[in-house]
Asker: 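Have a look at the structure that comes next, please.
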Amino acid sequence: MQLAERVQRISVSATLAVLMEAERYKARGVDVVDFGPGEPDFPTPEHIKRAAIRALEENRTKYTATAGIAPLRQAVCEWHARELGSSYQASECIVTVGGKHAVFNAVNALVNAGDEILIPSPYWVSYPDIVKYAGGRPVFIPTDAADGFCLRAERVERAINQRTRIAIANSPNNPTGAVVPPEEFARIFDACKRRGVWLLSDECYSHFTYGSAKPFSIASLPGAKEHVIVAGSLSKTFAMTGWRLGYALAPAPLVEAMTKLQSQSTSNPNSITQYAALEALTGPMDSVAAMLAEYARRRTRILEGLRAIPGIACAEPQGAFYAFPNVAACLKKNGAGGKPADGGEPDTSTVARELLERSHVAVVPGEAFGAAGFLRISYATSMERIEEGLRRLRQFFGSGS
Ligand SMILES: Cc1ncc(COP(=O)(O)O)c(C=O)c1O
């Protein structure tokens, strides 16, 4: 079949492919420890679910304004101001079908063929494909495990040229959990502003930070709003992945362009979901704090457990709910595939496949994020499953040594 060239430029999300393979094992009755999911294991808080039920009973089932119902756009701005210190108006906000859709709309509203978009690496799988779909060219900015995978302004600055249109920042980061400290973020912003480059700040994990790292938005800096696009999501913060609700905050003309694009693609996000989101953003935040406390406990355990496996090195994740260990040093010992004879890139896709086949542990290989040699381990699963998963990982990486 002859498909459009723009569709042939992109591929199916690599993380979704792993999840589907793990599902096939589970469907056969296999007891899989699933470290794959990029979503909270908690249910959506009760008060949010009740708001959705109310919306249904009140027949809030019609089309809404494309950019979202007015009270929700206002609530997004007020929540962001309260939680993260920004000062947006409703005209600078569009409600989207998830945070991914906010990134998609922003990139497609700004990027011309051949424009370069800077993407910190390791990266969330969807950035390069969204950029390629829009006709842009992804340019990767490396971050180092030894530096906690922190994005550095100096590297952003060095990568900017006349074709650069957008620099993406994702803090806390998926897959590394890295958090860019506010001072470094300000330097990144400064480099972008001086060189006329948009800074697209993906804040989908904003509220999941640990230790001294705190929720932070670059949009809170005085004078930043004109050069920044915030992509946000209720998916992770409020355990609402299936509801599909995100937002973008940006200068009004850009929000208008994104709204035009949305009006010819998805139209408004689901109306019931919008009323649930209104409750999430205006109601109590206790459940978010409770989820964070549990993630913090699991993070400590998984980090300790991974570091105790000989050969595994793991930078301390300061945010999100992922650990991103380097397993390259383990590969030749355990009879698992993965260690190249020629000293080239380790093949962690093979390791992930063997882990699932032999030990029934699902993880996402680093290749999906542009980082061979690493595995992404989601700790959005119960402490009990974490213990069992660590036991199987110890056995897998220890065997044959
Ligand atoms: C870094 C990052 N941005 C955005 C998203 C999009 O999430 P959603 O579309 O569910 O809001 C994800 C989801 O995994 C993510 O990891």
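Everything numeric here is computed off the predicted structure, so don't read it as measured data. These values consider heavy atoms only, across backbone and side chains, with no hydrogens, waters or symmetry-generated copies. Whatever order the structure lists ligands and atoms in, that order sets their numbers, starting from 1.
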Asker: With respect to T241, determine whether any N or O atom, backbone or side chain, lies less than 3.5 Å from an N or O atom of ligand 1.
Answerer: no
Asker: Taking the basic N atoms (NZ, or NE/NH1/NH2) and the acidic carboxylate oxygens, is any pair closer than 4.0 Å for E57 and R54?
Answerer: no
Asker: Among D147, I188, I141, D144, whose side chain to side chain contact (heavy atoms under 4.5 Å, CB included) with R152 holds?
Answerer: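 The side chain to side chain contact (heavy atoms under 4.5 Å, CB included) with R152 is passed solely by D147 among D147, I188, I141, D144.
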Asker: Identify, for atom 16 (O) of ligand 1, the protein heavy atom at the shortest distance, and state residue, atom and that distance.
Answerer: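 I find the closest protein heavy atom is N174 ND2, 2.7 Å.
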Asker: Any non-hydrogen atom of H101 lying under 4.0 Å from ligand 1?
Answerer: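 No heavy atom of H101 comes that close to ligand 1.
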Asker: For ligand 1, is there an atom lying under 4.0 Å from some heavy atom of R244?
Answerer: yes
Asker: Quick one: nearest non-hydrogen protein atom to atom 13 (C) of ligand 1, plus distance?
Answerer: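 The answer is K236 NZ, 2.9 Å.
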Asker: If the threshold is 4.0 Å, N to carboxylate O, is there a salt bridge linking E388 and R392?
Answerer: yes
Asker: Within the 4.0 Å heavy-atom shell around S235, which atoms of ligand 1 are there?
Answerer: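 By the 4.0 Å cutoff, the relevant atoms are 8 (P), 10 (O), 11 (O).
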Asker: Please say whether D202 places an N or O atom under 3.5 Å from an N or O atom belonging to ligand 1.
Answerer: yes
Asker: Centroid separation under 6.0 Å, is that true for the rings of Y247 and Y88?
Answerer: no
Asker: Does any N or O of ligand 1 fall below 3.5 Å from an N or O anywhere on G99, backbone included?
Answerer: yes
Asker: Under 6.0 Å between ring centres, would you say that holds for Y322 and Y205?
Answerer: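 Yes: the rings meet the under 6.0 Å criterion.
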Asker: For G98, take its heavy atoms, then give the atoms of ligand 1 lying under 4.0 Å from any of them.
Answerer: 9 (O), 11 (O)
Asker: Can you find an N or O of S233 that's nearer than 3.5 Å to an N or O of ligand 1?
Answerer: yes
Asker: Y127 near ligand 1, heavy-atom distance under 4.0 Å?
Answerer: yes
Asker: Test your reading of the structure: does N170 have an N or O sitting under 3.5 Å from an N or O of ligand 1?
Answerer: no
Asker: What protein heavy atom sits nearest atom 6 (C) of ligand 1, and how far off is it?
Answerer: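 For atom 6 (C) of ligand 1, the nearest protein heavy atom is K100 N, 3.5 Å.
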Asker: With sequence neighbours left out, what residues match F35 under ring-ring contact (aromatic ring centres under 6.0 Å, His included)?
Answerer: none
Asker: Less than 4.0 angstrom from a charged side-chain N to a carboxylate O is my criterion; do R391 and E387 meet it?
Answerer: no
Asker: Identify which one of K193, R194, R187 satisfies the salt bridge (charged side-chain N to carboxylate O under 4.0 Å, His left out) criterion when paired with D190.
Answerer: R194
Asker: I'd like to check the salt bridge (Lys or Arg N to Asp or Glu O under 4.0 Å) partners of R385; sequence neighbours left out, ordered by chain and number.
Answerer: D31
